[in-house]
Amino acid sequence: MTTDCIFCKIVAGELGCDKLYEDDSVLAFRDISPKAPVHGLVIPKRHVATLDDFTDDDAELLGRLMRTATAIAADHNLEGYRIAMNVNALGGQVVFHAHLHILGGRQMRHMG
């Protein structure tokens, strides 16, 4: 845990969240500033700052993050959805605890 990390504080129970899913290694909760009707964040419970900081030993954890996102999509009956991960400041990352965004519940715009 990093003491100044808001997501670490959520994992530790120091801050509340609208929880969507939790297991031993992953926590998912609703984004407090949603960009779609369904907008969840899926995070590893262990602090990892960015996607760049995962190692080969984290392959299973990365898979858990993705499978959690697809399970949330299924729980919300999303026919289509977007999974995104912003990496580093130039990639739009604001909270430096790696996290996936799952967005759905409306037509998603093309990204290019």
Side-chain angles (χ1 to χ4, degrees):
M1 178 173 146
T2 302
T3 57
D4 61 341
C5 174
I6 190 168
F7 288 174
C8 285
K9 289 178 181 181
I10 291 171
V11 168
E14 296 172 16
L15 294 174
C17 69
D18 186 358
K19 194 180 303 183
L20 295 168
Y21 176 83
E22 183 175 18
D23 66 22
D24 290 341
S25 59
V26 172
L27 176 65
F29 50 91
R30 293 187 190 281
D31 194 297
I32 62 169
S33 184
K35 306 298 186 242
V38 176
H39 186 170
L41 302 176
V42 183
I43 69 170
K45 285 186 167 181
R46 176 173 54 89
H47 184 84
V48 180
T50 76
L51 180 62
D52 292 336
D53 297 309
F54 285 98
T55 68
D56 289 343
D57 293 336
D58 293 317
E60 184 176 338
L61 177 58
L62 285 163
R64 290 290 316 134
L65 294 171
M66 294 298 285
R67 291 298 300 140
T68 298
T70 61
I72 290 168
D75 288 347
H76 287 85
N77 300 311
L78 300 178
E79 294 180 36
Y81 55 94
R82 177 173 292 153
I83 295 173
M85 181 181 270
N86 301 326
V87 182
N88 296 315
L90 287 177
Q93 187 174 1
V94 176
V95 176
F96 283 83
H97 183 123
H99 56 285
L100 297 178
H101 294 260
I102 177 165
L103 301 112
R106 66 167 170 80
Q107 177 65 52
M108 303 308 293
R109 293 183 290 281
H110 294 275
M111 293 181 65

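As the structure is a prediction and not an experimental result, all values here were calculated from the model. The basis for the numbers below is simple: all heavy atoms, side chains too, and nothing from hydrogens, waters or symmetry mates.
Here the closest heavy-atom approach between residue His39 and residue Ser33 is recorded as ND1-O, 4.1 Å. Pairing each heavy atom of Ile43 with each of Phe29, the nearest pair is CD1-CE2, 3.8 Å. The minimum heavy-atom distance linking Leu61 with Pro44 is given by the pair CD2-CB, 3.8 Å. Closest approach of Pro37 to Arg106, counting heavy atoms only: CD-CG, 3.8 Å.
Separating the CZ atom in Arg82 from the CZ atom in Arg109 is a distance of 8.0 Å, to the nearest 0.5 Å. Expressed to the nearest 0.5 Å, how far CG of Asn86 lies from NE2 of His101 amounts to 5.0 Å. Here the straight-line distance linking atom CG of Leu100 with atom CD1 of Ile83 works out to 6.5 Å at 0.5 Å rounding. Rounding to the nearest 0.5 Å gives a distance of 8.5 Å between CG of Leu62 and OG1 of Thr55. Atom-to-atom distance recorded for Leu27:CG and Cys17:SG is 5.0 Å, nearest 0.5 angstrom. Atoms CD and OG1, from Gln93 and Thr50 in turn, are 6.0 Å apart once rounded to the nearest 0.5 Å.
With hydrophobic clusters built from ILVMFWY side chains whose heavy atoms lie under 4.5 angstrom apart, Leu41 does not share a cluster with Val38. The cluster map of Ile, Leu, Val, Met, Phe, Trp and Tyr, joined by side-chain heavy atoms under 4.5 Å apart, puts Val48 and Val95 in different clusters. In the hydrophobic cluster analysis, where Ile, Leu, Val, Met, Phe, Trp and Tyr join through side-chain heavy atoms closer than 4.5 angstrom, Val11 is grouped apart from Leu65. Hydrophobic clustering (side-chain heavy atoms under 4.5 Å, transitive across Ile, Leu, Val, Met, Phe, Trp, Tyr) groups Phe54 together with Val42. Placement of Leu78 and Met85 within a single hydrophobic cluster is found when ILVMFWY residues are connected by side-chain heavy-atom separations under 4.5 Å, directly or transitively.
Environment of CE in Met66: sparse, with no more than 12 heavy atoms of neighbouring residues, nucleotides or ligands closer than 6.0 Å.
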### Message
Before you tell me yes or no, could you show the steps for His76 and Ile102 under side chain to side chain contact (heavy atoms under 4.5 Å, CB included), namely the whole-Å CA-CA distance, both residues' side-chain angles and the distance that decides it to 0.1 Å?
### Response
CA-CA 11 Å; His76 287 85; Ile102 177 165; over 6 Å; no

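Within the 4.5 Å cutoff, the side chain of Arg67 has no heavy atoms near those of the Val26 side chain.
Not a single ring pair (Phe, Tyr, Trp, His ring centres under 6.0 Å) links Tyr81 to another residue, sequence neighbours left out. The side-chain hydrogen bond (donor to acceptor under 3.5 Å, both in side chains) test applied to Arg64 returns Tyr21, Asp23, not counting sequence neighbours. Qualifying salt bridge (Lys or Arg N to Asp or Glu O under 4.0 Å) partners for Arg30, counting only residues two or more places apart in sequence or in other chains: Asp18.
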